[in-house]
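The structure under discussion appears below in the form of structure tokens.
Every chain is numbered from 1 and lettered A, B, ... according to where its sequence line falls, protein lines coming before strand lines. Because the structure is a prediction, the values reported are computed rather than measured.
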2 protein chains.
Amino acid sequence: MSGTSPDFTARLRAVGLRPTRQRVALARLLFEGEHRHVTAEGLHAEVRATRLPVSLATVYNALNQFRDAGLLREVVVAPGRSYFDTNTGHHHHFFVEPDGELHDFPSDKVTIAGLPTPPKGTRLSRVDVIVRVRR
Amino acid sequence: MSGTSPDFTARLRAVGLRPTRQRVALARLLFEGEHRHVTAEGLHAEVRATRLPVSLATVYNALNQFRDAGLLREVVVAPGRSYFDTNTGHHHHFFVEPDGELHDFPSDKVTIAGLPTPPKGTRLSRVDVIVRVRR
DNA sequence: AAGTTGTTTAGAACAGTTCTAAAAACTGAA
DNA sequence: TTCAGTTTTTAGAACTGTTCTAAACAACTT
Ligand SMILES: [Mn+2]
Ligand SMILES: [Mn+2]
Ligand SMILES: [Zn+2]
Ligand SMILES: [Zn+2]
């Protein structure tokens, strides 16, 4: 058989999180298929559609824990709402306004040359490139 | 004489805004000196320190109007809070976490090559580069 | 199974921002 | 100048996204 279904229970345990029903359901939605960009509200709607009752607070808890565990990264592109990105590798984003859609593009084709050195007393943490486009 | 003090009344009128006491005071704080990055709360504290009573709603109104008029641009770098930037020309940002400070750097030294073409049916609107650094 | 600890939950609380509608201020014409 | 018409300001309510609280519940250990 091709494409063994990942063991979410083990993956959660590996990062020190108990594999509860809620977390496993959320992990499945997030990590089972292609990379995704979700909002808390959107993921909440999705998981509730599976008929497993999960509170919004739990979705926020899980997203924050997954992010802290390095399973997700948080992307800030619009005021007042966070996106969580299942792609934790180096890449950048298209942001389609006003829809609010995020699309990845690989960073290895993109060259950013001539970045100035960080201000005194600081270390580089990450470079985000957001290409904003409109319909 | 060198460095004529700008006529904020005229500048406001030029973009179709009545030069009220509040707007002139805010424009002075924003545009009189070097380029700035302000938050609504921060600017509100500043203007109130001049002993002119200005409500927070007015600060938000003015910032949004100035942005719509092209006098400011809005920068989103952190969840839950907008920065307004008096530098409307092409440039990019350092963002110092966790302080929340923003610093400009010119875009003309920075080369971004290999950006993919925008998704079907969209036009490029702006490219934001945010260099996140930590203390 | 019992005990322990970690998790979920509903709802309250919170932060940043926008809205409401009444009072105040700006403007152009008289 | 005064006046009428219009825009702006304001206090406070409302709203949105997110976090907190503390009690019920579920997962793990023995
Ligand atoms: Mn967060
Ligand atoms: Mn806004
Ligand atoms: Zn992404
Ligand atoms: Zn700037």
With B/R123, which residues qualify under salt bridge (charged side-chain N to carboxylate O under 4.0 Å, His left out), at least two apart?
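B/R123 satisfies salt bridge (charged side-chain N to carboxylate O under 4.0 Å, His left out) with no other residue.
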If each of B/Q22 and B/N61 is mapped to the nucleotide of DNA chain C with the nearest heavy atom, which maps nearer the 5' terminus, i.e. the 5' end?
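It is B/N61 whose nearest nucleotide is closer to the 5' end.
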Between A/F94 and A/F105 (judged by ring centroids, cut-off 6.0 Å), do the two rings come close enough to count as a pair?
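A/F94 vs A/F105: aromatic centres under 6.0 Å.
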Measuring centre to centre across the rings, with the benzene-like ring taken for any Trp, is A/H93 within less than 6.0 Å of A/H91?
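Yes, close enough.
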Looking at [N], I'd like to know if its phosphate oxygens (OP1 or OP2) sit under 4.0 Å from a side-chain N or O belonging to [X].
X     : N      : result
A/T58 : C/dT9  : yes
B/R13 : C/dC26 : no
B/Y60 : C/dT17 : yes
A/R81 : D/dT18 : no

Could you please name the option among [options] that lies closest to any side-chain atom of [X]?
X     : options                : value
A/A57 : D/dT10, C/dT9, D/dT7   : C/dT9
B/T20 : C/dC26, D/dT18, D/dC20 : C/dC26
A/R18 : C/dT7, D/dA11, C/dT9   : C/dT7

Among all residues two or more places apart in sequence or in another chain, which pass the side-chain hydrogen bond (donor to acceptor under 3.5 Å, both in side chains) test with B/Q22?
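If we apply the side-chain hydrogen bond (donor to acceptor under 3.5 Å, both in side chains) test to B/Q22, skipping adjacent residues, there are no hits.
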I need the residues from residues 42-50 of chain B with at least one non-hydrogen atom less than 4.0 Å from DNA chain D; give them sorted by number, or say none.
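None - not one residue of the stretch has a heavy atom sitting under 4.0 Å from the strand.
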